[in-house]
Protein chains: 2
Amino acid sequence: MKEDKLPTIKEIAKQLNVSVSTVSRALHDHPGIGLRTKMRVQKLAQELDYEPNQTAIFFKQRKTFTIGVVLPNLKEEFFSEAINGIEEIAIQNKYSVLISQSKDEAEREKQIITTMKNNRVDGIIVSLAKHTVSYEHFIALKKYNIPVVFFDRVPTGPDFNKVYSNMNSGTREAIEFLIDKGHRRIGVLNGPEEMKSSKERTETYKQVLVKKRLKIDLGLVASTDLTREGTFKAMEALLSQRPKPTAILAINDYIALDAMLYARQQRLKINKDITFVSYANLPITSYLETPPMASVEQYPFKQGAKAAEILIDLLKKEDKPAKPGDPETFQNVVINGQLVVHSKR
Amino acid sequence: MKEDKLPTIKEIAKQLNVSVSTVSRALHDHPGIGLRTKMRVQKLAQELDYEPNQTAIFFKQRKTFTIGVVLPNLKEEFFSEAINGIEEIAIQNKYSVLISQSKDEAEREKQIITTMKNNRVDGIIVSLAKHTVSYEHFIALKKYNIPVVFFDRVPTGPDFNKVYSNMNSGTREAIEFLIDKGHRRIGVLNGPEEMKSSKERTETYKQVLVKKRLKIDLGLVASTDLTREGTFKAMEALLSQRPKPTAILAINDYIALDAMLYARQQRLKINKDITFVSYANLPITSYLETPPMASVEQYPFKQGAKAAEILIDLLKKEDKPAKPGDPETFQNVVINGQLVVHSKR
DNA sequence: AAAGTTCCCGCAACCGTTTGCGTATGTGTC
DNA sequence: GACACATACGCAAACGGTTGCGGGAACTTT
């Protein structure tokens, strides 16, 4: 009943009594093929609904036109926004996107990278799992000529392509904003210490306080492992300081939300007894009755798009004969975070 | 400098002075290969870091071990949860997942399906764009032997595999819940009329009211196109009814949040002047000070997982010789939504 | 010792497409 | 009518791996 056999180039060739190479060339508008046969071929291809078998092409060309994306999860709007950026650029360049979640587990991340490598994705975009400390599995990709671009959660060291937002200026703005509002005891709800950004945040925090001639109290800096429980614990630690902090800078909007939840449980009025400022500026906060007073926008869409651009550029360059003497260079794009103030008072 | 050449089966064969077929079989633990050579081959493969070229295998086996997932967007937690379910099952079965967003545009959806078809994904899981009305591009996949499983936003008609949650029982529960709480004027914030679920919701709404002997006022049923503006408009319409509704059943949590936003702008107190009940029961609501009073849980993870299971089952069956007489059958799995009450009063 | 078995392994085709190279036919030139 | 030259197409190899089949060597059987 069903004809089961998909039309191939061979099929067309047979029906038209020409060779497969002629068909192939005709379909690609190769100049060496006469107009007459070119037309005949294209017409029949139309009629048969011929579509080239991409797997064959991938195999032959040693290219899959697929880029892999590995990120901690898809639930956070930051990442799904970033994917939008990636997809946008990918589609424009006729690339497909293979997405996988590390679930913030280093082991799983490694596994995913291996799979992607074997599937011969052309390149990979990564936002690291929160506890990833070893980058060997990424370095190993070099042997396979698979370029990697990191974004947001990027590794330290110069030997990587990366796109990330510079928290420092945003952090500075955020803290100065709070100080301007009269806050003197400002808590920091920081991420795990393995994350590069965590250290930087603490650093900038100290710098601003010094500059503003305020006392530094490291009891006001706490780490959460990004789980709700971890955040609650960190909040508990922060709120037990005396005098209590009147404002808190949280590593991202989700953590801020968890922190608010805890604060409410402690009968604190948000934006009155305690003020929050965080990072990311996610749409989710627009739904809230009491959003963080300000948020450092990190432009996830832009980050994703930029990472994709860099990757695709690399892929295009790869086709060209690399000049032998060329030292390998790495892109390092910094997108400045910017403080967005949500509420006036 | 860099050896550029990836190790292949040929390479191993040459180094060991055996044929490629022997190597291939040795690596697969084929019984027809002697223990000695099997060991030698496997050892060398190890040393060379040999990894089979999947693209070659895909091509040869006419199978890619990839399933495509098409859904409206990744931003909604419902969908990202569903993906988690899909990924879970996929990984267990050694499938990769190719994700693409239709952005709720029928045209883009069609485009994606075409690309996936050409990329020879083994099967596809789809949640329809909100205005998709023609299913031809899906039906066309049959010719390519690519099975499709729909979830959540499923097409009407019996000729499709689908997994969706039965809103009716949930809707019934939700409305009865509101009536029990004393509400008599219950508004419905429904989705676009193209969506099957919208019609059903209205239907069930009417049934319950009839059963409870309440007057039906269709002015209390409004449609939103799922954008924030659309929802505001619909809310405006609902709130202009007299007497005003005291409770609103919203098509999903996001819409409920938008609606609340509007209600607050109108100086209505949530859960006091006006009560919301919605669908999905997303984690996002756990962050809210005033979450919907109740929500119909739709088990996105389960839906995704189930869809993936069905698809993979189909793929496995495909390998087996299909009995010619067999009429094609379609799975139709219904997951009952269940009302989850958030706040007591 | 010849015949039959069993055990291992190699040969070669195949999947669908691309592409370098060779060649038949046609065109133009003197 | 012999020559060069372009034009239009075919041949065949290659990409990397899988698999049916066939066959040589070693071993068992009678």
Side-chain angles (χ1 to χ4, degrees), chain A residues 3-42 44-45 48-66 117-122 144-145 319, chain B residues 3-42 44-45 48-66 117-122 144-145 319:
Chain A
E3 354 208 340
D4 229 350
K5 281 297 146 234
L6 265 43
T8 71
I9 234 174
K10 272 184 197 164
E11 184 59 27
I12 299 182
K14 203 196 301 176
Q15 293 199 26
L16 258 44
N17 263 322
V18 295
S19 74
V20 287
S21 48
T22 300
V23 176
S24 173
R25 285 192 251 255
L27 292 173
H28 286 85
D29 233 12
H30 187 98
I33 301 296
L35 190 57
R36 254 197 76 76
T37 44
K38 210 178 272 186
M39 299 274 285
R40 287 175 64 216
V41 169
Q42 291 175 358
L44 183 57
L48 293 183
D49 263 343
Y50 168 79
E51 297 276 2
N53 181 337
Q54 295 292 352
T55 63
I57 296 177
F58 291 166
F59 169 52
K60 174 84 210 230
Q61 312 279 267
R62 294 127 155 281
K63 243 196 127 181
T64 58
F65 283 96
T66 301
K117 179 195 67 184
N118 292 344
N119 280 27
R120 303 290 196 270
V121 297
D122 291 346
Y144 288 78
N145 260 316
D319 298 340
Chain B
E3 352 208 342
D4 228 348
K5 279 300 146 231
L6 265 42
T8 69
I9 232 173
K10 272 184 197 164
E11 183 60 26
I12 299 181
K14 204 194 303 174
Q15 294 200 26
L16 258 42
N17 264 322
V18 295
S19 75
V20 286
S21 46
T22 300
V23 176
S24 173
R25 287 193 250 256
L27 292 172
H28 287 84
D29 234 13
H30 188 97
I33 302 296
L35 190 57
R36 254 196 77 76
T37 44
K38 210 179 270 184
M39 299 275 286
R40 289 174 63 216
V41 169
Q42 291 176 358
L44 183 57
L48 294 182
D49 265 340
Y50 168 78
E51 298 275 3
N53 182 336
Q54 295 291 352
T55 62
I57 297 178
F58 291 166
F59 169 50
K60 174 79 212 240
Q61 314 280 267
R62 292 123 160 286
K63 240 193 130 184
T64 58
F65 284 96
T66 301
K117 179 196 67 183
N118 292 346
N119 280 26
R120 303 290 196 268
V121 297
D122 291 346
Y144 288 78
N145 259 316
D319 297 340

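Every chain is numbered from 1, with letters handed out A, B, ... down the list of sequences.
D:dT19 atom C1' lies 6 Å from atom NZ of B:K60, rounded to whole Å. In this structure, the CG atom of A:L27 is 8 Å from the P atom of C:dT18, given to the nearest Å. When the P atom of D:dA14 is taken as reference, atom CZ of A:F58 falls 24 Å away, rounded to whole Å. Atom NE2 of A:H30 and atom P of C:dT18 are 12 Å apart (whole Å). When the P atom of D:dC9 is taken as reference, atom CG of A:L16 falls 11 Å away, rounded to whole Å. Between B:R36 atom CZ and C:dC7 atom C1' the separation is 16 Å, expressed in whole Å. The nearest whole Å value for the distance from the CG atom in B:L6 to the P atom in D:dC15 is 13 Å. One atom, OH of A:Y144, and another, P of D:dG16, lie 13 Å apart when rounded to the nearest Å.
Within 3.5 Å, a donor on the side chain of B:S21 pairs with an acceptor on the base of C:dC11, or the reverse. With hydrogens and angles ignored, no donor-acceptor pair closer than 3.5 Å exists between the side chain of A:R120 and the base of D:dG17.
Distance from the side chain of A:R25 is smallest to C:dC21 among C:dC21, C:dG16, D:dC21. Listed nucleotides: C:dT18, D:dT18, D:dC11. Nearest to the side chain of A:S19: D:dC11. Nearest to the side-chain atoms of B:I33 among the listed nucleotides D:dG17, C:dC9, C:dT17 stands C:dC9. Closest to the side chain of B:N53, from the set D:dT18, D:dG16, C:dT18, is D:dG16.
Taking side-chain N and O atoms only, A:T37 has a distance below 4.0 Å to OP1 or OP2 of D:dC9. Between B:S24 and D:dT18 there is a side-chain N or O to OP1 or OP2 distance below 4.0 Å. B:Y50 has a side-chain polar atom (N or O) that falls below the 4.0 Å cut-off from OP1 or OP2 of D:dG17. Using a 4.0 Å cut-off, no side-chain N or O of A:T22 falls inside it from OP1 or OP2 of D:dC9. Dashed line: the shortest gap from a side-chain N or O of B:R62 to OP1 or OP2 of C:dG16 is under 4.0 Å. The side chain of A:K10 places an N or O atom within less than 4.0 Å of a non-bridging phosphate oxygen (OP1 or OP2) of C:dC15.
Of the residues near DNA chain D, A:K38 and A:V20, the one whose nearest nucleotide (by heavy atom distance) lies more toward the 5' end is A:K38. For A:Q61 and B:G32, each mapped to the nucleotide of DNA chain C holding its nearest heavy atom, the one lying further toward the 5' end belongs to B:G32.
Applying the 5.5 angstrom centroid cut-off and the 30 degree plane-angle cut-off, the aromatic ring of B:F59 is stacked upon the base of C:dC15.
The line from CD of A:E11 to CG of A:L6 is 11.0 Å long, rounded to the nearest 0.5 Å. To the nearest 0.5 Å, the span separating CG on B:D122 from NZ on B:K63 amounts to 5.0 Å. Atom OH of residue A:Y50 and atom CG of residue A:L27 lie 6.0 Å apart, to the nearest 0.5 angstrom. One distance of note links CD1 of A:I33 with CE of A:M39; it measures 14.5 Å at 0.5 Å rounding. Here CG of A:N119 is found 9.5 Å from CG of B:N53. Values are rounded to the nearest 0.5 Å. The OG1 atom of B:T22 sits 12.0 Å away from the CD1 atom of B:I12 when rounded to the nearest 0.5 Å.
B:V18 comes within contact range of the sugar-phosphate backbone alone, with a heavy-atom separation under 4.0 Å but no base atom that close. Across all strands, A:G34 comes closer than 4.0 Å only to sugar-phosphate atoms, never to a base (heavy-atom distances).
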